[in-house]
Structures are given as C-alpha cells and as structure tokens.
There are 2 protein chains.
Amino acid sequence: MSLTRKQEIIITASRLFKERGYNAISMRDLAAEMGIKAASLYNHISSKQEILGLIILKVSEEFTQHINTIYLDELSSIKKLEAIIQNHIEITLKYTHHLACMNNDWIHLEDEYKQRYLNLRNEYESKFRQILQQGKDEGELKDIDLEIVVFSVLTTLRTLHIWYAKKTSIQVATLQQDLPKTLLYGIVKS
Amino acid sequence: MSLTRKQEIIITASRLFKERGYNAISMRDLAAEMGIKAASLYNHISSKQEILGLIILKVSEEFTQHINTIYLDELSSIKKLEAIIQNHIEITLKYTHHLACMNNDWIHLEDEYKQRYLNLRNEYESKFRQILQQGKDEGELKDIDLEIVVFSVLTTLRTLHIWYAKKTSIQVATLQQDLPKTLLYGIVKS
DNA sequence: CCTACCGATCGGTAGG
DNA sequence: CCTACCGATCGGTAGG
C-alpha cells in the first residue's frame, strides 16, 4: 500500500503542524521536510489551507461516523459511553498528529472548511449529549448538570493525544481499562 | 485603580491571542486595537515575545503558588482536590484570556520564558501527583493508574475557559457544585 | 519537479 | 506618540 504524493504531504504536514502549529509552519518548511522545493507542492495541493482542511475533516468525519453508529445501537448508555471512550483511544493511536492538529489549529480553518468542521463537531456533541440524557432518563447516570459532563468527558477524550505523546510508560491496555473507570465511576472510593 | 499603558497592552493582547492565536496577531493588529501605531508599542514593551511571556507567566505563577499552599495544608486529599478545583474555577473567571492564551500558545514561548513556564508546570503537576498519591496511601482514592488521573483531571481543569466562553446558561454556582462531583465521584449511579 | 519571481506583510529600529 | 523605513519571509504563480 504505497502512498500518493498528496497523502505524503498531508501526513508530513500533520506532524509539523502538531509540533509547531499551522501558522508557524511555512510551505518552505514543509517542502524541505519532504526534500523538494515549495513551488513543487502546488502540483499536488492547491493551497496551504487545503492541507489543513483535509487533515481536520478526515478525523472529524471518522468521529462523527462512529458516534452515529453507536447512537443507534441497542445498548445501555453506559455501554455506549464505554464504546465511545474506546473509539477515542483507537483514533488517538491511529491519527495522533491529525488529532493534535484538529485540536490546536481548527481555529485557522477558513470559510467552507471551518463550517463543515463545526457542523461535524456539533453533530458529535449533540449525539453525545443525547446518549447522556438517555442514561439519566433510564436511571443509570447521576443527576449531574449535563453540560458539565459533556464538557469534562469530551475535553479529556479530545486531548488524549497529549498524554500519548508523553509516553510515560503507561501501557495502552492500562489506558483502555482505567480511563473508562476514571471518567465513568470517579476516583474516590465509595 | 488605573492601568499603566503596559498593562493595557497585555490585556488587549491576551484577548486577541485568545481569539486568533499568537502567530496570527501582528503588532499592527494589536496597535490598531489600541488606537495607536505599531512602532509606539515599543515604548512600553521590548518585543512581541515579551508580551506572550508576561501573559503566560502571570497565570502560571498564580497556579503554582496556590497549589504550594494547598499542598502544605493539614487537609484530607479529597479536601485538597476540592480546593484545587475551586481555584481553577476562580482563576478561569478572573483570567479567562490569559488562561486560553497559556493553553494555546505556550508552545510559542522561546528560551528562558519557555523554560520558566515548563518549570512552573512541572512543579504544579508534581504537587498534584503527590496529593493524589497521598489519597491512595490513606485509602481515600481508588487504585486507578495515577498518570491517567493526573491527565484527565488536569486536562479538564486547564480547558475550563472553553466552557466559560460558551456561556451556555450554566451558572457559576452549578459549576462549583457539579464539577467536583463529576471529577471526583464519577457520573454513574452506584 | 525546478528556477525565478511577485506583491504583501512581518517584527522591529531610527530619529524626531 | 508619530512617519518612514529596514531586511526577512510569507503564500503563491509563470513558465519550463
């Protein structure tokens, strides 16, 4: 499975954007990293903005697609939340740089790219909120302010890539086991 | 209590950096926002980098100072954690823009500024970790992987400003009550 | 894929 | 606080 030149550009860019930020990376930096000249990049992509758009929409679509599937499943809300957490861990492992880039640089998306990203994100948050509401309705979840839970869980999941980059000896298996515990059941002994 | 011109520059800059990012804001943008010319800024500050440094070190120092006090208090680990959460809420309300700027743009700090910031952050995380360890030793906290808890709680606290910017009708009182519940006791009914 | 180049904008300085 | 200006760098194009 060989990569097209365009795919190579996107992968290289996602790594550089993650390390130093979209605005801090010039087309000359990106070209140098690939061993070519800046002008040559434009044979494969149409603008710097397109690169950012493709990186961010790629993962955004994966996330939204996954939660739409989970959302329709015949599962308890807790099982759904566990599946969502596992999915975030998987995507973090598979698309670490894309994810970091999405979190840090989505603000620099323009026009249609930004609109499409925000639509996907809103759709994701909406489904997530509804799953939590289901949990409250069915009596599985505590009566805590919904927005606070949405915020606190999603923030942690979205920034998993920061933890992953540190590689402080934690195993993925540990994360898969203890992250759902932490987020769902808390850290205080009952 | 009137502000010096330098303080005005820093406050205005923190708002602009929060909205569009350090690299996306030019000295001309900042000057225009203050109704003066870019060259005039240099009568009050020595460089763009100095502005970023002052913004970030200000809040970093407040955080570290607070946890150092808490750390030495004669309190249970749970009470310490509650105090830390309350402090994050307070600083978020007081320094929303500084905090957002710290989270998004610390990567663009250079040399000594970056080093001082990283030292403060490491000191903070270290104290936070020790408080959690105290909780495990005294049997108040569950036996969950320590790094996962450090990561998940601190990530949520650090990005509170995102929630606050949304202003989705949540009252501060609700946040002060339900955020500690969510982070410490989880969301699943026992 | 390259060389050569464009207009625009950047952080910052000189000098008043 | 300003005008005037510096060298450097930016995203992108023309033409091969």
Side-chain angles (χ1 to χ4, degrees), chain A residues 2-57 97 101 104-114 117, chain B residues 2-57 97 101 104-114 117:
Chain A
S2 63
L3 297 172
T4 64
R5 210 76 175 108
K6 185 169 183 174
Q7 288 172 319
E8 283 182 51
I9 290 172
I10 288 169
I11 289 173
T12 306
S14 72
R15 177 167 53 81
L16 295 181
F17 291 168
K18 178 204 155 106
E19 287 167 2
R20 289 187 273 154
Y22 177 72
N23 275 321
I25 297 295
S26 70
M27 294 301 273
R28 285 157 179 82
D29 291 333
L30 174 55
E33 192 75 14
M34 302 193 62
I36 59 176
K37 296 293 176 182
S40 304
L41 291 169
Y42 292 88
N43 288 298
H44 306 284
I45 49 94
S46 66
S47 67
K48 191 186 178 190
Q49 179 68 199
E50 187 198 8
I51 298 175
L52 185 65
L54 291 175
I55 290 170
I56 293 179
L57 288 176
H97 300 153
C101 185
N104 299 329
D105 288 324
W106 72 267
I107 195 83
H108 300 117
L109 285 173
E110 294 166 10
D111 307 327
E112 305 101 291
Y113 281 125
K114 186 176 227 163
Y117 165 71
Chain B
S2 61
L3 297 173
T4 65
R5 210 75 175 110
K6 183 169 184 175
Q7 289 172 317
E8 284 183 51
I9 290 172
I10 288 168
I11 289 171
T12 305
S14 72
R15 178 167 52 80
L16 295 180
F17 292 167
K18 178 206 156 102
E19 288 167 2
R20 289 187 272 154
Y22 177 72
N23 276 321
I25 298 295
S26 70
M27 295 301 273
R28 284 157 180 84
D29 292 332
L30 174 56
E33 193 76 12
M34 301 194 63
I36 58 176
K37 297 292 177 182
S40 304
L41 292 169
Y42 292 88
N43 287 299
H44 307 284
I45 48 91
S46 66
S47 66
K48 192 185 177 191
Q49 180 67 201
E50 186 198 7
I51 298 176
L52 185 65
L54 291 174
I55 290 170
I56 292 178
L57 288 176
H97 301 154
C101 186
N104 300 328
D105 289 325
W106 71 266
I107 195 84
H108 300 117
L109 285 174
E110 294 164 11
D111 308 326
E112 305 101 291
Y113 281 125
K114 185 174 229 163
Y117 166 71

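First the proteins, then the strands, lettered A, B, ... as listed; each starts at 1.
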**Student:** Watson-Crick or G-U wobble partner for D:dG15, using a 3.5 Å limit on both distances?
**Tutor:** C:dC2
**Student:** Rounded to the nearest Å, what distance is computed from the CZ atom of residue A:Arg20 to the P atom of nucleotide D:dC10?
**Tutor:** 10 Å
**Student:** Heavy atoms, side chains only, cut-off 4.5 Å: are B:Arg5 and B:Ile36 in contact?
**Tutor:** yes
**Student:** Decide yes or no for B:Asp105 and B:Ile55: does some side-chain heavy atom of the first lie under 4.5 Å from some side-chain heavy atom of the second?
**Tutor:** no
**Student:** A side-chain contact here means heavy atoms from C-beta on lying under 4.5 Å apart; do B:Leu52 and B:Phe17 qualify?
**Tutor:** yes
**Student:** Check whether any side-chain N or O of B:Glu50 sits under 3.5 Å from a backbone N or O of B:Ser46 as a donor-acceptor pair, and report yes or no.
**Tutor:** yes
**Student:** Let me know the distance between CE of A:Met27 and C1' of C:dT9, rounded to the nearest Å.
**Tutor:** 18 Å
**Student:** Let me know, please, whether A:Arg5 or B:Asp29 comes out on the 5' side of the other along DNA chain C by nearest nucleotide.
**Tutor:** A:Arg5
**Student:** Between B:Asn23 (CG) and D:dC10 (P), how many Å, whole number?
**Tutor:** 11 Å
**Student:** Please report the distance, rounded to the nearest Å, between CD1 in A:Ile9 and P in D:dG12.
**Tutor:** 13 Å
**Student:** Give, for atom NE2 of A:His44 and atom NZ of A:Lys6, the distance between the pair rounded to the nearest 0.5 Å.
**Tutor:** 10.5 Å
**Student:** Using whole Å, what does the distance between atom C1' of nucleotide C:dC1 and atom CD of A:Glu8 come to?
**Tutor:** 14 Å
**Student:** Can you tell me how far P of D:dA4 sits from CZ of B:Arg28, to the nearest Å?
**Tutor:** 14 Å
**Student:** Calculate the interatomic distance between A:Ile51 atom CD1 and D:dC10 atom C1'; express it in whole Å.
**Tutor:** 14 Å
**Student:** Between A:Ser26 and D:dT9, is there a side-chain N or O to OP1/OP2 distance below 4.0 Å?
**Tutor:** no
**Student:** Just say parallel, tilted or perpendicular for the rings of B:His108 and B:Tyr22, cut-offs at 30° and 60°.
**Tutor:** parallel
**Student:** Which of residues 32-47 of chain A have a heavy atom under 4.0 Å from DNA chain D?
**Tutor:** A:Ala39, A:Tyr42, A:Ser47
**Student:** Using whole Å, report how far CG of B:Leu52 lies from P of C:dG12.
**Tutor:** 12 Å
**Student:** Under 3.5 Å, is there a donor on one side chain and an acceptor on the other for A:Asn43 and A:Ser40?
**Tutor:** no
